[in-house]
Structures are given as structure tokens and as C-alpha cells.
Amino acid sequence: MIPIAKPLIGEDEINAVTEVMRSGTIAEGQRVKDFEAAFADYIGTSSAIAVNSGTAALHVALLAHNIGKGDEVITTPFSFIATSNSIIFTGATPVFADIKERTFNIDPENIIKKITPKTKAIIPVHLYGQAADMKSIMEIADDHDLIVIEDACQAHGAEFDGKKAGSFGTGTFSFYPTKNMTTGEGGMITTDDKIIAERARMIRSHGSKQRYFHEMLGYNLRMTDISAAIGLVQLRKLDDLNEARMRNAAYLSKKLDDINGITLPYVDRRCRHVFHQYTLRFNNSIASRDEVAAFLGKKGIGTGIYYPLPIHRQPYYKEIGYDGSFPVSEKAASEVLSLPVHPGLNLTDLDMVLGTLHEMF
Ligand SMILES: *Cc1c(COP(=O)(O)O)cnc(C)c1O
């Protein structure tokens, strides 16, 4: 069986956890501080604030920027549900802007069309490990005085114009086991703004700087030292893990080039695409996306559909009144299929995936 995703946990991670367990400090402590410093350094921001999930990172980032009731936040409907749910958590309203066909990322021209006097922020998602068009998005934000919160939950180490995803606006990351690096569950906020960093630290821990003095409403969204110890080891491996993903992706694309009706992943020249997912599009194909997925599944090859239903079409979003039309996202949802690309694959695995696809076509 070749799984669609697999965390690479080695002796180093196991030893790091054991050490924390023996130390007696297992909740937020020095390991979290060290992980934050190392992550900020890696992304190139002055601060990083660790939390217990990517969803929490998005939620805290929005609250730190004072976004709430009456505000509109523009984002993509072609993402994981947490992107727009985090907006709803704050009382603000998600406003969707459709994606670009080739990159699956939010289309800057559609962002402009959705700006109203209530718009306060934009949340681009760097889907599948490729940064959204951050040049255009930062220009739009500048022109309209908008906050940018990057959903970089799939883009640890990705770059746009040589600059890391998560360092353009306020960055948010997830360390769920399927991501490019993991802490079990976990998340991180990255920022160059000292005030946002301080507010984020307070919001993650009951609104307090000093224990038992609460200056604002906060939550308990802290990361444990156990998770941070795993994160410190994984961060050191991240560049190698990403290189392996990029190599696997290049190999797959080279060998799939000859199959008609498959659209290969498009890599924007300005981007370092870290291939959180390797996503094909099946259109005009002799087999449908779902037939291909079923055939690969029968042969023991895991695939994934990210995402089969755009957010505006989700039952909960229908219930709260969303019914717009986002044709590029809807088409993508019916055509995309992701193949295994994770660093745990060897050449035999990749050839098995390729052989099975060639067999089918
Ligand atoms: C994984 C993910 C999240 C949420 O992260 P969790 O750690 O699972 O809460 C948010 N947005 C995107 C695009 C993701 O892929």
C-alpha cells in the first residue's frame, strides 16, 4: 500500500519527546520558545507564536488584527474549511473570490471586484505548496489599506520572488501530520509586527501577559513542549523533506507528460513550489477523475481529492446563506486528483504509481 501522506518520524523525534517527558516540563515552556525562535528565523520574520493547530493560528491572527463583527475578509472558496471558518469564529464575514485555473490560488483580479467599504483583510491560501500571487496581493492590500493574513498551512518553505511564504503579511502554519512538517497537532503565526505578536501571545493564553491578570478575551490555544520538541527536529529536516517532494514531483511530471487528457501541476516561475500535494487535473480524459482514483485504489495506491466540494457549497455555508457561483473552483473540485508525492516514497513506489497510470491509459 502506498499512502497519499505519511509523516517521517525518526529516532531524533522520538528521543526529543522522551527528553521532554523526563524533564518534568511538558506544557508550554522553553522548547516552545526555542521552536518559535527557530521558526521565525527560518521564515525570516522577527516573531513567531506557537499555537495548537493551524486553525488556531488563523483564528488568533484574525483576532490579533482586531477583525470581528461587521468586517469582511476576502478569501478563496477552494481551500480547507478552516480557512473561512476561522473568519466566522471572529464574527466577521468571509467573502469569496474565485481562483485562477492554472495555480488553484486566489485570483487578484477577483479580489479587487470583491472589495467594499467593509473589507478589512485578505486571506490568500498557498494551496498545494505554491504561493499565491503575493506581488499583486500585497499591491492590492497597499492600495486599499487591507491586512493580509497568509494561510501557509500547506506551504512551509515555499517562496515567492525569493521570499518565504508567511513573511509577506501575517503568516499562519499548520503542523498536522500530513503537512510538510509536523508536531502531531500544532500551528504557528509569523509576523514582523511586535504589537500583533504580543496580542497573539495574549490571545492564545487567556488574554494575559502576567498570570491571572487578564487584559482582553483570550483562549487556551497553547502548544506543548512535547509538540515543540518534535517541531524543532522536523524544522531542521524541512529543507531536505521539501527537496524530496520537489524531486518526486519533477519525476512524476516528466513521466506523465505523454498521457493525453491529464493536466500536470503548473509551477509559476516566481515560485518555489514545495509540493504539499502533487495535483493532476483530469479533463477530456478517456477515464474520469473518479475512475482513475478507484483504479489506483484497487492497486493499493492512495490518492486524495483536495477538495471535492468548494466551501461556498458546503452544507453549513448553504445554511448560513451562501449561494454564489465560483465556476473555476467548482470545475477544479470536479477534476483534481492528488497522487502520493511525500518524502517517504522511493523510486519503486513512484514507478509503481506511474506504471499503474500508464496501464490504465
Ligand atoms: C491543514 C490546513 C489548515 C488547518 O490546519 P489544522 O492544523 O488542521 O488546524 C488550514 N488551512 C489549510 C489550507 C490547511 O491545509
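Heavy atoms only: backbone and side chains are in, while hydrogens, waters and symmetry mates are out.
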Run the salt-bridge test on [X] and [Y] with the 4.0 Å N-O cut-off and return the result as yes or no.
X    : Y    : value
K135 : E139 : yes
E330 : R313 : yes
R204 : E28  : yes
E101 : K331 : yes
K100 : E109 : no

* **Row check, F275 ring normal vs R245 NZ/CZ: under 6.0 Å, within 45°** => no
* cation_pi(K114, F96) dist<6.0 Å, angle<=45 ->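 Because its charged atom misses either the 6.0 Å distance or the 45° angle limit, K114 does not stack over F96.
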* CA sep, side-chain torsions, deciding dist, call: Y278, N248, side-chain contact (heavy atoms from CB on, under 4.5 Å) -> CA-CA 9 Å; Y278 180 87; N248 292 345; over 6 Å; no
For the atom pair [atom1] ([X]) and [atom2] ([Y]), what is the distance rounded to the nearest 0.5 Å?
X    : Y    : atom1 : atom2 : value
I26  : I226 : CD1   : CD1   : 4.5 Å
D268 : N105 : CG    : CG    : 9.0 Å
S338 : L280 : OG    : CG    : 7.5 Å
E335 : I262 : CD    : CD1   : 12.5 Å
C271 : D161 : SG    : CG    : 8.0 Å
H126 : C153 : NE2   : SG    : 10.0 Å

* When you look at Y128 and V336, which way does the side-chain contact (heavy atoms from CB on, under 4.5 Å) test go after all the steps? -> CA-CA 12 Å; Y128 305 147; V336 293; 4.0 Å; yes
Minimum heavy-atom separation for [X] and [Y], please, with both atom names.
X    : Y    : answer
I189 : A200 : CD1-CB, 4.4 Å
V51  : A57  : CG2-N, 3.5 Å
T172 : A61  : CG2-CB, 3.8 Å
R281 : F104 : NH2-CE2, 3.4 Å
I87  : P94  : CG2-N, 3.6 Å
F173 : A155 : CE2-O, 4.1 Å

Please tell me if the side chains of [X] and [Y] come closer than 4.5 Å, counting only heavy atoms from C-beta onward.
X    : Y    : value
Y251 : L354 : yes
E215 : S208 : no
I88  : I320 : yes
L63  : T90  : yes
L345 : L350 : yes
D258 : H358 : yes
V20  : R31  : yes
N52  : R222 : no

Distance-only polar pair, side chains of [X] and [Y], donor-acceptor under 3.5 Å:
X    : Y    : value
T76  : S79  : no
N15  : E19  : no
T170 : H65  : yes
T25  : D225 : no
T45  : D192 : no
S136 : D133 : yes

* Asked: Hydrophobic clusters join Ile, Leu, Val, Met, Phe, Trp and Tyr when side-chain heavy atoms are under 4.5 Å apart, directly or via other members; which others share one with I106?
  ->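 Taking Ile, Leu, Val, Met, Phe, Trp and Tyr as members, I106 shares its hydrophobic cluster with I74, V95, I111, I112, I115, I122, M134, I137, M138, I140, L146, V148, F160, F168.
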* Structure fact -> Connected to Y212, directly or through other members, by ILVMFWY side-chain contacts below 4.5 Å are none
In this structure, are over 12 heavy atoms from other groups packed under 6.0 Å from [X] atom [atom1]?
X    : atom1 : answer
Y316 : OH    : no
L347 : CG    : yes
K163 : NZ    : yes
N260 : CG    : no
D145 : CG    : no
M360 : CE    : yes

* Asked: Taking only residues two or more places apart in sequence, or in another chain, which ones meet R289 in a salt bridge (Lys or Arg N to Asp or Glu O under 4.0 Å)?
  -> none
* Does the ring-ring contact (aromatic ring centres under 6.0 Å, His included) test come out yes or no for H59 and F89, once each step is laid out? -> CA-CA 7 Å; H59 187 194; F89 295 165; 5.1 Å; yes
Just distance, no hydrogens or angles: give the donor-acceptor pairs under 3.5 Å from side chains in residues 179-188, sequence neighbours left out.
residue : atom : partner : partner atom : Å
N180    : OD1  : H276    : ND1          : 3.0
N180    : ND2  : N242    : OD1          : 2.9
N180    : ND2  : V274    : O            : 3.2
T182    : OG1  : F175    : O            : 2.7
T182    : OG1  : G184    : N            : 2.9
T183    : OG1  : E185    : O            : 2.8

* Asked: ring pair (Phe, Tyr, Trp, His ring centres under 6.0 Å) with H312: which of F326, Y322, Y317?
  ->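 Of F326, Y322, Y317, ring pair (Phe, Tyr, Trp, His ring centres under 6.0 Å) with H312 is met by F326 alone.
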* With hydrophobic residues grouped by side-chain heavy-atom distances under 4.5 Å, do I49 and V32 end up in a single group? ->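 As far as the 4.5 Å side-chain criterion goes, V32 and I49 are not connected within one cluster.
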* L241, Y42: one ILVMFWY side-chain cluster at the under-4.5 Å cut-off? ->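 Looking at the clustering, Y42 is in a separate group from L241.
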Which pairs of donor and acceptor atoms, one on a side chain in residues 296-308, lie under 3.5 Å apart (sequence neighbours left out)?
residue : atom : partner : partner atom : Å
K299    : NZ   : E359    : OE2          : 3.2
Y307    : OH   : Q154    : NE2          : 3.0

* Is the backbone N or O of T116 less than 3.5 Å from a side-chain atom of T119, with the two atoms forming a donor-acceptor pair by type? ->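 Indeed, once roles are kept as given, a pair shorter than 3.5 Å links the two residues.
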* Is the ring centre of H206 less than 6.0 Å from the ring centre of Y219? -> no
* Results of side-chain contact (heavy atoms from CB on, under 4.5 Å) for V233 - residues two or more places apart only ->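 V233 satisfies side-chain contact (heavy atoms from CB on, under 4.5 Å) with D12, E13, A16, R236, K237 only.
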* Asked: Are S86 and L62 close enough, and set up right, to give a side-chain contact (heavy atoms from CB on, under 4.5 Å), and what steps lead you there?
  -> CA-CA 8 Å; S86 64; L62 285 157; 3.5 Å; yes
* To do: Using the side-chain contact (heavy atoms from CB on, under 4.5 Å) rule, take I259 and L256 through it: C-alpha gap first, then chi angles, then the decisive distance, then the call.
  => CA-CA 6 Å; I259 300 184; L256 288 173; 3.9 Å; yes
